[in-house]
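First comes the structure, then the notes that go with it.
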Amino acid sequence: MSYVQEVYQALVARNPGETEFHQAALEVLEALEPVVAARPEIQKNGLLERIVEPEKQIIFRVPWVDDAGCVRVNRGFRVQFNSAIGPYKGGLRFHPNVTLSIIKFLGFEQIFKNSLTGLPIGGGKGGSDFDPKGKSDREIMAFCQSFMTELSKYIGANTDVPAGDIGVGAREIGFMYGQYKRMKDLYEGVLTGKGITYGGSLARPEATGYGLVYFTQNMLAARGDSFKGKKVAISGSGNVALFAAQKATELGGTVVTLSDSTGWIHDPAGIDLAAVSEIKNVRRGRLSEYKTATSTYSTQGRVWQVPVDIALPCATQNELDANDAAMLIKNKVIAVAEGANMPSTPEAVAQFLDAKVLFGPAKAANAGGVSVSALEMSQNSLRLSWTFEEVDERLKGIMKGIYDAASAAAARYGHEDNLVVGANIAGFEKVAAAMLAQGVV
Ligand code: NDP
């Protein structure tokens, strides 16, 4: 058995049932095979055994009282995975399907993603199985305050700086920031994605979606192509999906699909994004409310059955499987780039790579969000605010840097055009160098 296989087998035995974490770890470990073979010091220093084990995992009770006066109890998580190159950084997810396995897969991916940005941030992730859907603002606040009362013991501007993720947007960040400040008496940049009036960065809400489209632009440009005149399928209708849709449209693409957890819309004339934003962000409604002369709404099938040139999965993990990939390939898709974390199953990824579809893996393609979060940290430290244009320009530069680093690493190890291998290797190399320099800790 190879060193990589030994590490993977031990990880599965030590973390039984954590299927999402196993899946994320296997993808990274397999991509690292050629690096491990070329550099014996990695095995000698037990680097892989250490990198797959979180530095700390915190699980806590989150009690709160609902509007009917009933006591509710949720479970809170923070996994501080790796701090070799900077303070832990990664979002908080509030969704009923959150488990330790999901937080660990996200935290593990975050190590390499954050490294790829070129900025000094380590990897972490957290969240809760709390479901914000259908809750009043007061209930959301009660939950967020209770969650932060415990989490505040483990985070800080130089220790661990969480951000948003699924179910955690500006409202939740605001409530959590207020509670942190009250508990600690500290006005510090402990969270990113903050509102603009209390230390947030311009362009942070847009960053993941815009960054995804900038990354895709780089992939297309390498083949002399662009978004102009392309049909685009997007899944999800949250933060990432809507800003990706906006930027893709601005660049001349036509976005023809969006989805939520109950169904999806298809509008061949191009989706009216202002109407969707009003439904989702103002009325906090469902996509089923979207209606135009050319649109259809469906609860059957998936957005990937619509023939398009570019596909951007932006909802959740494992939402694009082998059948979906086969359908997209049959319909001659040119590029697929992941806005969500691990949205494509391993079988789907293998098909895209085999068919030579341009494929941008999440840890590279969706790193725009954490990049601008790191820029928010810099602005907080400097006590300055940059303009939207300044942040957006930096974001474009960072996404190009990530694309270049991933394609160069892929080529260096004989996997030309394979950005999955390239992103994993490029992200790993910096973290590995820092871990080797810092000794066995
Ligand atoms: P939001 O909560 O804003 O939106 C999530 C969207 O995905 C909603 O449309 C939601 O539908 C849909 N969705 C969530 N869970 C499921 C599910 N189990 N099945 C089907 N649809 C689902 O989250 P974000 O846009 O912030 O995050 C989307 C993805 O992007 C996640 O994978 C996240 O980890 C990743 N990401 C986010 C970053 C950020 O900056 N926000 C940064 C990097 C990655 P519904 O409204 O019905 O719940």
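Whatever order the structure lists ligands and atoms in, that order sets their numbers, starting from 1. Below, all heavy atoms of this structure are taken into account, side chains as well, without hydrogens, waters or symmetry copies.
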Using the ring of W264 (Phe, Tyr or Trp, six-membered ring only), decide whether R302 places NZ or CZ under 6.0 Å from its centre and within 45 degrees of its axis. no
Atom CD1 of I58 and atom NZ of K153: how far apart are they, to the nearest 0.5 Å? 10.5 Å
Criterion side-chain contact (heavy atoms from CB on, under 4.5 Å) against S371, the qualifying member of I121, T208, N114, T117: T117
Set of residues satisfying side-chain hydrogen bond (donor to acceptor under 3.5 Å, both in side chains) with respect to E206, sequence neighbours excluded: none
Any salt bridge linking K247 with E250? Criterion: basic side-chain nitrogen under 4.0 Å from a carboxylate oxygen. yes
Run the salt-bridge test on K363 and E109 with the 4.0 Å N-O cut-off and return the result as yes or no. yes
Could you pull out every protein residue that has a heavy atom closer than 4.0 Å to ligand 1, ordered by chain and then number? R93, H95, K133, D165, I166, G167, R204, T208, G236, S237, G238, N239, V240, S259, D260, S261, K280, R286, C314, A315, T316, G339, A340, N341, N366
